[in-house]
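Everything quoted here is computed from the prediction, not taken from an experiment.
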Amino acid sequence: MITIFSGNFNLRQIADSGQCFRLKMLDDSQAYVIAGGRLLHIAEKGGGRLELSCNEAEYGSFWQDYFDMDSDYSVYIGAIDPGDDFLKKAAEFGRGIRILRQEPFETLISFIISQRKNIPAIQSSVEKLCRLCGKRIGEEAYAFPSPKALASLSEKELSDCSLGYRTPYVREAARRVEAGEADLDAMKKLSDEELYEELVSFYGVGKKVANCVMLFAYHRIGAFPVDVWIKRIEDGHYGGRFPVERYPGFAGVLQQYMFFYSRFEKER
DNA sequence: GTCCAGGGTAAGC
DNA sequence: GCTTACCATGGA
């Protein structure tokens, strides 16, 4: 176990931010995260102190990058237009959110599944897939399936994970990656535009899902996914379109604050 | 029972 | 280029 310190880090907020479907809260300050075939326990101890159930080497080689610990989020928040009261409130409310660096394959499949589902339903489908063909890495803990494992599932097995009409989308994406027709790792070196074009070339991946994969897997924090929640905000607060050009290269971070804030607001 | 969800595709204009 | 019907399912 190691102890680290971080500002702008709140487990509950990250868990509820809709970017990751494999972060499970145990109580208000503890969680399990499954990523990269690893299982991590995190506990928040107050004052920005975090206890992680890994050693220094594993932190340095994986989790530090996963949680984007080298970025200072106060810089993004500080760049917000002082006249934009809505965005200032949203950022203040969700200031513990960080943009994770998740695995491209898991993110691609998860967000293909996400279309027209609410977050609990997405988590449920992803969990079923992992239990069905992901490697067991702990008590009741399963890694996200490999492309090979996912590509070998039958249509019925996939369908039984409540994928509905998305079943062929998932199947084809897994097959294409497994066959080497798309190299998700090699795509890391592409420009934003090239990466976007590669992603939307997947059957079942459109503008919104491609932007989510860019933001949450490839850490292209300028990507700005527009779903029904963000569209509602754009219409209600920005005359139909958020001024992404005012925040060159990091509008995606602000998008997360707004998404999280608006979902909370709706709950009351 | 009804409404809605981190949308995309294909067909039609 | 821009609309529109249709898609399956579960959570609230």
S.K.: Name the closest nucleotide to the A:Tyr203 side chain, picking from C:dA12, B:dA10, B:dG7.
M.R.: B:dA10
S.K.: Can A:Tyr218 and A:Asp192 be counted as having a side-chain donor-acceptor contact under 3.5 angstrom?
M.R.: no
S.K.: Report yes or no: does A:Tyr247 contribute a side-chain atom to a donor-acceptor pair with the main-chain N or O of A:Asp81 at less than 3.5 Å?
M.R.: yes
S.K.: Heavy atoms from C-beta onward define the side chain here; which of C:dA8, B:dA5, C:dG11 lies closest to that of A:Tyr165?
M.R.: C:dA8
S.K.: In whole Å, what separates the P atom of B:dA11 from that of C:dA8?
M.R.: 15 Å
S.K.: Classify the side chain of A:Tyr169 and the base of B:dG7 as holding, or not holding, a donor-acceptor pair under 3.5 Å.
M.R.: no
S.K.: Using whole Å, what does the distance between atom P of nucleotide C:dT9 and atom CG of A:Leu158 come to?
M.R.: 13 Å
S.K.: Can you confirm if the aromatic rings of A:Phe93 and A:Tyr257 lie within a centre distance of less than 6.0 Å?
M.R.: no
S.K.: Tell me: CD of A:Glu155 to P of C:dA8, nearest whole Å?
M.R.: 11 Å
S.K.: Please check if the distance between the ring centroids of A:Tyr66 and A:Tyr59 is under 6.0 Å.
M.R.: no
S.K.: Under 4.0 Å from OP1 or OP2 of B:dA5: is there any side-chain N or O of A:Arg232 that close?
M.R.: yes
S.K.: On DNA chain B, compare the nucleotides closest to A:Ile230 and A:Gly204; which residue's is nearer the 5' end?
M.R.: A:Ile230
S.K.: Rounding to an integer number of Å, can you tell me how far A:Arg166 CZ sits from C:dG10 C1'?
M.R.: 10 Å
S.K.: Could you check how far NZ of A:Lys117 sits from P of C:dT9, rounded to whole Å?
M.R.: 9 Å
S.K.: Which nucleotide in the set B:dT9, C:dG11, C:dA8 lies at the smallest distance from any side-chain heavy atom of A:Asn118?
M.R.: C:dG11
S.K.: Tell me the interatomic distance from A:Lys207, atom NZ, to C:dC2, atom P, rounded to whole angstroms.
M.R.: 10 Å
S.K.: Is the gap between the ring centers of A:Tyr261 and A:Phe264 under 6.0 Å?
M.R.: no
S.K.: So, OP1 or OP2 of C:dT9: does either fall under 4.0 Å of a side-chain N or O from A:Ser162?
M.R.: no
S.K.: Between B:dG7, C:dG11, B:dA5, which nucleotide has the shortest distance from any of its atoms to the side chain of A:Trp229?
M.R.: B:dA5
S.K.: Closer to the 5' end of DNA chain C via nearest nucleotide, is it A:Arg116 or A:Ala121?
M.R.: A:Arg116
S.K.: Rounded off to whole Å, could you give me the CD1-to-P distance for the A:Ile113 and C:dC7 pair?
M.R.: 21 Å
S.K.: Quantified in whole Å, what is the C1' atom distance between nucleotide B:dT9 and nucleotide C:dG10?
M.R.: 22 Å
S.K.: Rounded to the Å, how far apart are A:Leu163 CG and B:dG8 C1'?
M.R.: 15 Å
